[in-house]
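Numbers restart at 1 for each chain; the letters A, B, ... are given by sequence-line order, proteins then strands. The figures here come from the full heavy-atom set of this structure, side chains too, leaving out hydrogens, waters and symmetry mates.
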There are 2 protein chains.
Amino acid sequence: MCSPPGCGHGNRIWSVTLSPSQTPDEPAAEAARQLPPATVSRLTLYLRTLNALLSEGTERVSSEALAESAGVGSANVRKDLSYLGSYGTRGVGYEVAHLSRKIAQALGLTHEWRVAIVGAGNLGRALARYAGFESRGFDVVALLDADQMLVGTEIGWLRVTDVADLEHTLEKTRANMVVLALPAAVAQSVCDRVVDAGIHSILSFAPVALSVPAFVNLRKVDMATELQILAYHAQRLADPRLDEDRPGA
Amino acid sequence: MCSPPGCGHGNRIWSVTLSPSQTPDEPAAEAARQLPPATVSRLTLYLRTLNALLSEGTERVSSEALAESAGVGSANVRKDLSYLGSYGTRGVGYEVAHLSRKIAQALGLTHEWRVAIVGAGNLGRALARYAGFESRGFDVVALLDADQMLVGTEIGWLRVTDVADLEHTLEKTRANMVVLALPAAVAQSVCDRVVDAGIHSILSFAPVALSVPAFVNLRKVDMATELQILAYHAQRLADPRLDEDRPGA
DNA sequence: ACGTGTGAAGAGCTTCACAGCC
DNA sequence: GGCTGTGAAGCTCTTCACACGT
């Protein structure tokens with residue numbers, strides 16, 4: 001793991017875009033294509049529902065129905081969709097096919113995304129075989145590991161390649177996204193190599209905070225963290241009086 | 001992500017309920033032991049760092065160092081920790097062992113959490129073997145599946161049991177949390193049974209919105225969603241000019 | 001009548017900046 | 001000098017409520 005705090009540069013995950021007042025010139029044009037992060041993540045949920053509706057032949061859908069199937073409020077749905085433009089019809093709803101196309105376009109799913117998974121342990125192998133990626137437009141093009149026992153074996157329709165050749169594999173497969181399914185101890189060094197190889201989009205499952213340059217997009221999924229958050233709420237329900245020495249109490 | 005930040009957030013966990021205008025008597029006392037959700041998810045990150053420091057013998061840590069290793073700002077760390085009480089020493093920092101204990105306590109990790117994983121597909125098996133759960137105080141006590149080919153086999157140190165006996169298994173193993181690693185199609189019905197069996201904390205990996213009673217805590221992790229969010233940002237960096245075309249005009 | 005689109009109000013979170021204590 | 005604790009300011013996101021189009 002990273003030696004004591006201070007093994008280098010401390011960069012923030014996904015640049016803050018700060019500058020409260022960048023150029024006061026053209027705020028609207030820039031802002032117009034900046035979707036709020038919360039909206040982006042909900043758009044993926046709407047898209048999932050829309051695609052389900054599409055394949056069952058439904059033609060129109062209301063914000064109420066979309067809200068229901070995404071687990072949010074309908075006002076929220078309408079606000080989110082309004083960032084994309086006025087694609088609904090008042091008194092009627094949204095046309096499923098059209099809206100689906102618009103969301104996919106806004107999310108950049110028209111592009112071809114080629115994903116390399118680094119780490120062929122339990123999780124990496126599970127991800128490599130997960131059909132959900134392919135079906136949603138993400139091509140898993142490589143699976144890498146450092147373990148020589150795994151290199152060369154086949155997982156799903158992929159052959160595991162040596163992480164020593166990471167740069168070469170990424171270039172050859174023209175991967176433009178990387179999923180890190182690695183132990184915490186090696187995650188940062190592999191991450192650095194991935195960034196140096198020109199990858200700007202990384203999804204990490206390693207239970208450690210990775211530091212990356214500001215221009216790199218890093219998202220983290222940590223299953224133990226999720227369970228701990230559940231534990232917090234569960235404990236609160238179970239034992240409503242947990243007044244330790246809290247301020248204000 | 002919690003994602004980073006962001007994170008696609010959970011859905012209406014615990015909802016708003018009592019804040020608006022409960023009893024105007026004692027608002028502060030109740031509010032005092034309600035940690036902001038964003039704080040809760042960062043506390044898990046601090047705890048991870050603290051435990052690492054603990055095992056390497058470091059005794060004190062500053063908010064700056066904690067911030068660095070969690071990927072947030074130091075003011076944020078201090079604010080978060082201040083919700084727990086004043087456990088730091090000005091001019092010095094925080095005592096690692098003490099702070100670690102306080103956070104674990106606040107998160108409810110003193111409790112014993114017994115997790116049942118439903119679904120022994122690729123992901124379920126990977127989760128069952130994931131050492132990160134055990135090491136952080138979560139005991140995986142059962143692994144269930146509907147596939148008769150899998151029932152009875154051993155994964156890690158667990159024997160797969162039949163999901164038909166779900167209620168019985170949950171009771172017998174005294175599980176108090178459930179992880180759903182199921183296909184979307186069956187997730188809701190299994191979820192309903194899990195809730196009926198008295199489980200109030202559920203972590204779902206199924207790519208579908210589950211509906212649960214308000215008193216149930218449901219968190220979702222969706223890997224395809226994470227990739228789509230990355231795609232959005234990557235596309236923005238690659239192609240700064242996003243076209244728009246108005247619908248009818 | 002129905003359901004979208006949207007300013008405005010409200011709630012929550014982050015960042016700042018500095019007082020207070022070691 | 002160094003670092004915590006915290007009001008206040010600023011920002012983002014959510015919710016409300018209703019005008020508007022069909």
Interatomic distance, [X] [atom1] vs [N] [atom2] [rounded to whole Å]:
| X | N | atom1 | atom2 | value |
| --- | --- | --- | --- | --- |
| A:Tyr46 | C:dT4 | OH | C1' | 14 Å |
| B:Lys79 | D:dG7 | NZ | P | 7 Å |
| B:Tyr83 | D:dT4 | OH | P | 17 Å |
| A:Glu64 | C:dA1 | CD | C1' | 16 Å |
| A:Asn76 | C:dT4 | CG | P | 14 Å |
| B:Tyr94 | C:dC22 | OH | C1' | 14 Å |
| A:Asp80 | D:dT12 | CG | P | 16 Å |
| A:Leu84 | C:dT6 | CG | P | 12 Å |

How is A:Arg42 classified with respect to the nucleic acid when contacts are heavy atoms under 4.0 Å: base, sugar-phosphate, or nothing? sugar-phosphate
Quick one: label A:Gly93 by what it contacts on the DNA or RNA (base, sugar-phosphate, nothing), any heavy atom closer than 4.0 Å. sugar-phosphate
Phosphate contact ([N] OP1 or OP2) by [X] side-chain N/O below 4.0 Å:
| X | N | result |
| --- | --- | --- |
| B:Tyr87 | D:dC3 | no |
| B:Ser62 | D:dC3 | no |
| A:Thr89 | D:dT22 | no |

So, do A:Ile229 and A:His233 sit near enough that their side-chain heavy atoms are less than 4.5 Å apart? yes
Value for CD (B:Gln235) from NE2 (A:His111), rounded to nearest 0.5 Å, stands at 8.0 Å
As an exercise, state the distance from CG of B:Leu53 to OG of B:Ser55, rounded to the nearest 0.5 Å. 8.0 Å
Counting neighbours of CZ on A:Arg193 that are heavy atoms of other residues, nucleotides or ligands and sit closer than 6.0 Å, is the number greater than 12? yes
CD/A:Glu134: more than 12 non-hydrogen atoms of other groups inside 6.0 Å: yes
Can a side-chain donor-acceptor contact be found between A:Thr39 and A:Asp80 if the only test is distance below 3.5 angstrom? yes
For residues A:Ser100 and A:Asn51, is any side-chain donor paired with an opposing acceptor at under 3.5 Å? yes
Atom pairs under 3.5 Å: protein N/O with N/O of nucleotides 18-20 of chain C:
unit_1, atom_1, unit_2, atom_2, d
C:dG20, N3, B:Arg90, NH1, 3.2

Can you tell which of D:dC13, D:dC16, D:dT6 lies closest to the side chain of A:Pro37? D:dC13
